Amino acid sequence: MSQLFPASPLRAAAFAALCATALPQSALATNGYFSHGYGVKSQAIAGVGIALPQDGLTAATNPAGTAFTGDRLDVGVNLFNPSRGAEITGNGAGLNGKYSADGRDLFLIPEFGYTRQINPQLSVGLAVYGNGGMNTSYNTSPFGFGGFGEQGPTKMNLEQLFISPSVAWKATSDHVFGAALNLAHQRFSIRGLTPFAQPAASESSGNVHNQGTDTSNGVGVRLGWIGQIAPQWRLGATWASKIQGRFDKYKGLFAEQGGFDIPANYGVGVSWQPAKNWTLGLDYQVIELSDVKSVGNPLSQLTAQGQLLGSTNGPGFGWKDVKVVKLGVIHQLNDAWTLRAGYSHATQPIPKSEAFLNVLAPGVVQDHLTAGFTWQASANSEWSAHYTHAFEKTVKGTSAIPDGYGGGDANIRLKEDIIGVSYGWKF
């Protein structure tokens with residue numbers, strides 16, 4: 001395999017480019033609108049990975065992990081199946097009813113990871129992956145009310161692609177530090193928001209919806225550390241900076257004249273090997289969604305304060321920070337088979353008072369149960385797979401619909417199933 005995939009950055013970059021062309025077709029929302037994990041092996045243990053690197057995607061979680069995976073290439077794909085929708089009750093403008101957002105319900109999400117040990121102290125890597133996103137497709141619009149009601153469908157799509165080259169430095173025999181560039185590409189489109197595309201609601205009412213797909217590019221960094229604090233124990237920590245983003249075509253929808261940054265996030269993790277064939281991992285992650293004004297500012301700034309959509313510090317979706325606890329277990333059954341399982345719980349990002357606008361983005365799931373395996377097909381190759389179920393969650397709105405839009409409440413729901421498979425080469 002070393003002849004097929006030598007330490008050539010050109011071959012790795014060429015494959016990354018192929019992945020990049022496919023990834024913008026994906027949309028994934030598990031912890032808020034971030035993925036619950038990166039890499040099939042990590043996803044099989046509920047996204048654990050800060051102190052437990054397993055494959056070439058490790059830099060997506062903690063770039064220090066690049067030093068632990070050796071020379072390898074991993075290529076994978078996830079099939080993502082969400083079920084989402086909304087129910088509106090007590091509305092005086094004729095909106096009451098149940099609405100399905102499953103106009104599209106299957107998404108393919110490729111991933112790619114490459115790591116190479118340059119010398120005993122230095123390793124490099126490249127990870128290409130879908131960081132997250134959100135998709136809703138209402139063939140019957142939940143916003144079709146009043147004299148300015150929406151007559152057509154309402155559809156929204158957000159996608160995030162990351163390309164992350166990384167480097168890891170083994171400072172001592174027990175401590176590794178890592179850094180990665182996060183080259184981020186975002187795509188966004190929305191249609192069917194006529195009630196908000198009004199001069200009374202937006203400072204740029206012609207740029208609220210129906211503008212096609214807009215794109216945004218930005219750059220951030222991720223830093224990480226892994227320390228071997230005892231023979232069976234590792235600790236890890238990671239932090240990723242906020243990445244600036246902007247959708248000019250939708251400057252009438254998002255606060256700050258179209259601002260849509262990717263939020264900063266950080267976490268700590270621990271892994272423990274209590275016996276030769278058993279490994280346990282625990283991660284704690286924080287995603288600072290509330291620090292992005294177009295995501296974190298409440299809609300009440302429009303209805304109670306008269307601050308228009310798209311304005312400086314203007315209204316948004318009212319999301320809170322997401323805090324996630326992830327627990328995973330790995331059991332090496334024999335030389336050929338390794339089994340994995342995990343569970344994670346996240347805090348709820350969407351308050352009950354913000355359910356109305358979030359019929360567009362019902363990222364409300366909180367609990368994930370995962371399982372997976374790796375089959376060592378030969379000394380240099382392996383197959384891995386995982387299954388993830390995000391349990392159905394409904395947020396029932398409380399005084400969620402402003403009086404100007406007929407009052408009442410909106411209930412939003414989401415559940416998800418994900419199946420992933422990857423192939424790994426060691427060279």
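What you see is a predicted model; the values in this text were computed from it and never measured. Count residues from 1 along the sequence.
The shortest distance between side-chain heavy atoms of Leu253 and Leu193 falls below 4.5 Å. Side-chain contact between Ser271 and Val48 is absent, with no heavy-atom pair separated by less than 4.5 Å. Residues Asn81 and Glu416 have side chains not in contact (no heavy-atom distance under 4.5 Å, counting atoms from C-beta outward). For the pair Ile350 and Trp319, the minimum side-chain heavy-atom distance is below 4.5 Å. Between Leu333 and Thr338 there is no side-chain heavy-atom pair separated by less than 4.5 Å. Taking the side chain as every heavy atom from C-beta outward, Ile226 and Pro53 approach each other to under 4.5 Å. A 4.5 Å side-chain heavy-atom check between Thr194 and His209 finds at least one atom pair inside the cut-off. By the 4.5 Å heavy-atom criterion applied to side chains, His368 and Asn31 are counted as neighbours.
The closest donor-acceptor contact from the side chain of Ser42 to the backbone of Gly47 lies under 3.5 Å. The backbone N or O of Thr213 lies less than 3.5 Å from a partner atom in the side chain of Lys249, making a donor-acceptor pair. Formation of a donor-acceptor pair under 3.5 Å by the Asp214 side chain with backbone atoms of Asp248 is found in this model. Side-chain N or O atoms of Lys242 include none that pairs as donor or acceptor with a backbone N or O of Gly220 at under 3.5 Å. The backbone N or O of Phe391 sits nowhere less than 3.5 Å from a side-chain atom of Asp367 that would complete a donor-acceptor pair. At distances below 3.5 Å, at least one donor-acceptor pair connects side-chain atoms of Asn91 with backbone N or O atoms of Leu95. A distance-only check finds no donor-acceptor pair linking the side chain of Arg246 to the backbone of Thr215 [under 3.5 Å].
In the displayed structure, Gln273 atom CD is contacted under 6.0 Å by more than 12 heavy atoms of other residues, nucleotides or ligands. Asn334 CG: more than 12 foreign heavy atoms inside a 6.0 Å radius.
Looking at every heavy atom in both residues, Val270 comes nearest to Asp283 through N-OD1, 4.3 Å. Ala355 and Ile412 make their closest contact through O-CG2, 3.8 Å (heavy atoms, listed as atom of the first residue, atom of the second, distance). The minimum heavy-atom distance linking Pro351 with Gly318 is given by the pair CD-O, 3.1 Å. The two residues Met156 and Ala361 make their nearest non-hydrogen contact at CE-CB, 4.0 Å. Across every non-hydrogen atom of Leu289 and Pro263, the tightest pair is CD2-CG, 3.7 Å. Ala201 and Pro195 make their closest contact through CB-O, 4.4 Å (heavy atoms, listed as atom of the first residue, atom of the second, distance).
To the nearest 0.5 Å, the span separating NZ on Lys396 from CD on Glu87 amounts to 8.5 Å. Atom-to-atom distance recorded for Asn313:CG and Gln301:CD is 5.5 Å, nearest 0.5 angstrom. Note: Leu360 CG to Met134 CE = 10.0 Å, rounded to the nearest 0.5 Å. Atom CD1 of Ile88 and atom NZ of Lys98 lie 13.0 Å apart (nearest 0.5 Å). The distance from the OG atom of Ser311 to the CD atom of Glu256 is 8.0 Å, given to the nearest 0.5 Å. Between atom OG of residue Ser100 and atom CG of residue Asn139 there is a gap of 7.5 Å, rounded to the nearest 0.5 Å.
Using the six-membered ring where Trp is involved, Trp425 and Tyr423 have ring planes that are perpendicular, over 60° apart on the 30 and 60° scheme. The aromatic rings of Phe254 and Phe317 sit tilted relative to each other, their planes meeting at an angle between 30° and 60°. Between Phe188 and Tyr250, the angle of the ring planes goes over 60°, which puts this pair in the perpendicular group of the 30/60° scheme.
Not counting sequence neighbours, His345 has no partner by the ring pair (Phe, Tyr, Trp, His ring centres under 6.0 Å) test.
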(request) List the steps and the verdict of side chain to side chain contact (heavy atoms under 4.5 Å, CB included) for Lys393 and Arg413. (result) CA-CA 6 Å; Lys393 176 68 178 181; Arg413 62 170 179 83; over 6 Å; no
(message) I'd like to know whether Ser166 forms a side-chain hydrogen bond (donor to acceptor under 3.5 Å, both in side chains) with Thr66, so could you lay out the CA-CA distance, the side-chain angles of the two residues, the decisive distance to 0.1 Å, and finally the verdict.
(response) CA-CA 7 Å; Ser166 62; Thr66 303; 3.1 Å; yes
(request) Start with the C-alpha gap between Ile50 and Val268, add the side-chain angles, then the distance that decides, and say whether side chain to side chain contact (heavy atoms under 4.5 Å, CB included) holds. (result) CA-CA 6 Å; Ile50 294 175; Val268 292; 5.6 Å; no
(request) Please test Gln285 against Lys326 for side-chain hydrogen bond (donor to acceptor under 3.5 Å, both in side chains), starting from the C-alpha separation and ending with a verdict. (result) CA-CA 8 Å; Gln285 180 189 27; Lys326 309 175 182 182; 3.3 Å; yes
(request) Decide yes or no on side chain to side chain contact (heavy atoms under 4.5 Å, CB included) for Val221 and Trp239, but give the supporting numbers first. (result) CA-CA 8 Å; Val221 297; Trp239 169 83; 4.0 Å; yes
(message) I'd like to know whether Ser123 forms a side chain to side chain contact (heavy atoms under 4.5 Å, CB included) with Phe68, so could you lay out the CA-CA distance, the side-chain angles of the two residues, the decisive distance to 0.1 Å, and finally the verdict.
(response) CA-CA 9 Å; Ser123 299; Phe68 293 85; over 6 Å; no
(message) Set out, in order, the CA-CA distance, both residues' side-chain angles and the distance that settles ring pair (Phe, Tyr, Trp, His ring centres under 6.0 Å) for Trp383 and Phe373, then state yes or no.
(response) CA-CA 8 Å; Trp383 287 95; Phe373 66 86; 9.9 Å; no
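No hydrogens or angles considered: a donor-acceptor pair under 3.5 Å links the side chains of Asn265 and Arg222. Residues Ser202 and Ser205 bring no donor and acceptor atom of their side chains to less than 3.5 Å of each other. Donor-acceptor pairing under 3.5 Å is recorded for the side chains of Asn157 and Asn135. Judged purely by distance below 3.5 Å, without hydrogens or angles, the side chains of Thr388 and His386 pair a donor atom with an acceptor atom. Under 3.5 Å, the side chains of Lys320 and Gln348 contain no donor-acceptor pair of N or O atoms. For Arg191 and Thr154, the side-chain atoms include no donor-acceptor pair closer than 3.5 Å. Side-chain N/O atoms of Asp321 and Ser290 include a donor and acceptor closer than 3.5 Å. With 3.5 Å as the limit, one finds a donor-acceptor pair spanning the side chains of Gln186 and Gln160.
Between Lys426 and Asp71 there is no salt bridge, since none of the side-chain N atoms of the basic residue sits less than 4.0 Å from a carboxylate O of the acidic one.
When each of Gln332, Gln54, Arg340, Glu382 is paired with Thr374, the side chain to side chain donor-acceptor pair (under 3.5 Å) condition holds for Arg340 and for no other. Just one of Thr115, Asp55, Thr58 meets the side chain to side chain donor-acceptor pair (under 3.5 Å) condition when paired with Thr69; it is Thr115. Across Leu57, Asp74, Leu126, a single residue satisfies side-chain contact (heavy atoms from CB on, under 4.5 Å) together with Phe112, and that is Leu126. Paired with Phe143 under the rule ring pair (Phe, Tyr, Trp, His ring centres under 6.0 Å), one option of Tyr405, Tyr138, Phe356 passes, and it is Phe356.
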